[in-house]
Structures are given as C-alpha cells and as structure tokens.
Amino acid sequence: MLENKRSDRVGDLLQREIAELLIRRVKDPRLHSVTITQVKVSRDLRHAWVYYNILSGGPTKDSVEIGLARAHGFIKRELGRRLRLRYLPNIEFLWDDSLDYAAHIEELLKKIKHDRDDTENSGGD
C-alpha cells in the first residue's frame with residue numbers, strides 16, 4: 001500500500017514538473033498548448049506513462065507527437081536535475097483519448113435527447 005502511494009506522489013510530481021517544463025523551458029511552440037492530464041508510475045518507480053492532450057485550436061496530434069519525441073531527452077535531463085529520485089523513471093508519452101471519448105458520449109446523449117424530443121412532439125399530434 002505504501003509503494004502505491006509513493007508511485008502516486010511521484011506521478012503527481014512528474015506531472016507538475018513536466019507541465020512547467022513544457023510551458024517555460026521547451027522552446028518548441030507545438031508543445032505550448034499541450035496539457036499533461038495524468039502521469040501513471042509503475043510500482044517500482046522505473047516507468048512513467050505521461051498522458052497528454054491538446055487545447056482546442058492548437059497544433060495537430062501528429063505534430064505534437066513529433067515535438068514530444070524531439071523534446072524527450074531535454075525533458076528527461078531537466079527532470080533529473082530538478083528531482084531528488086534514486087532512479088528517474090523511463091518516460092513514455094501517450095495520447096489521452098478520454099476527452100475524445102467524453103465528447104463522443106456527449107454527442108450520443110444529445111442525439112438520444114433529440115430523438116426522444118422528436119418522438120414526443122410527433123406523438124402528441
């Protein structure tokens with residue numbers, strides 16, 4: 001149980017630090033509209049999966065992916081300098097599709113509501 005709490009704390013720390021690096025230190029403009037939504041860290045603290053999304057109106061997912069791949073080494077070096085961890089986790093950036101999924105569910109709910117309203121309006125005539 002204590003290990004799990006530690007991995008959660010390390011994940012929160014990595015999320016804050018990576019977000020700050022993307023805003024203040026990374027010079028690539030493609031990455032300035034990236035939001036770090038979550039960081040999951042393995043129990044042994046050796047691997048970190050950094051989930052990200054893009055603010056609307058920002059660059060494409062593909063261009064952000066390229067930018068993150070190019071900035072990966074810089075981000076890892078900066079984290080190594082900033083954090084007091086015995087081992088810096090291997091970082092993998094992953095697209096967070098939860099916002100896309102939520103938008104899809106919202107569209108489905110709107111369609112159901114619209115269909116229900118149409119049925120009620122046509123049945124009352």
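None of these values were measured; they are calculated from a predicted model. Numbering of residues begins at 1 and proceeds along the displayed sequence.
Between E106 and K110, at least one side-chain nitrogen of the basic residue sits less than 4.0 Å from a carboxylate oxygen of the acidic one, meeting the salt-bridge criterion. Using a 4.0 Å cut-off between charged side-chain N and carboxylate O, R46 and D44 make no salt bridge.
Each ring pair (Phe, Tyr, Trp, His ring centres under 6.0 Å) pair with one or both residues in residues 52-76, not counting sequence neighbours, appears once here: Y52-W95.
Here T37 pairs with D96 under the side chain to side chain donor-acceptor pair (under 3.5 Å) rule; sequence neighbours left out. The side chain to side chain donor-acceptor pair (under 3.5 Å) check on D115 picks up K111, with sequence neighbours excluded. Applying the salt bridge (Lys or Arg N to Asp or Glu O under 4.0 Å) test to K113 and every residue at least two apart in sequence or in another chain returns D117.
When all heavy atoms are compared, the tightest approach of P59 to I54 is O-CD1, 3.5 Å. Across D28 and G67, no two heavy atoms sit closer than the pair OD2-CA, 3.6 Å.
Looking at R30 and L68, their side chains never come closer than 4.5 Å, going by heavy atoms from C-beta outward. Side-chain contact between Q15 and K40: absent, with no pair of heavy atoms (C-beta onward) separated by less than 4.5 Å. Taking the side chain as every heavy atom from C-beta outward, L45 and R6 approach each other to under 4.5 Å.
Annotation: the span from L14 atom CG to I75 atom CD1 amounts to 11.0 Å, rounded to 0.5 Å.
Here Y51 is tied into one hydrophobic group with W49, L94, each link being a pair of ILVMFWY side chains closer than 4.5 Å.
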When the side chains of residues 79-91 are checked against the rest of the protein, which donor-acceptor pairs come out under 3.5 Å, sequence neighbours left out?
unit_1, atom_1, unit_2, atom_2, d
R81, NH1, E78, OE2, 2.7
R82, NH1, E17, OE1, 2.8

Let's go through V50 and I18 carefully: what are the C-alpha distance in whole Å and the side-chain angles of both, what is the deciding distance for side-chain contact (heavy atoms from CB on, under 4.5 Å) to 0.1 Å, and is it a yes or a no?
CA-CA 9 Å; V50 179; I18 293 170; 3.7 Å; yes
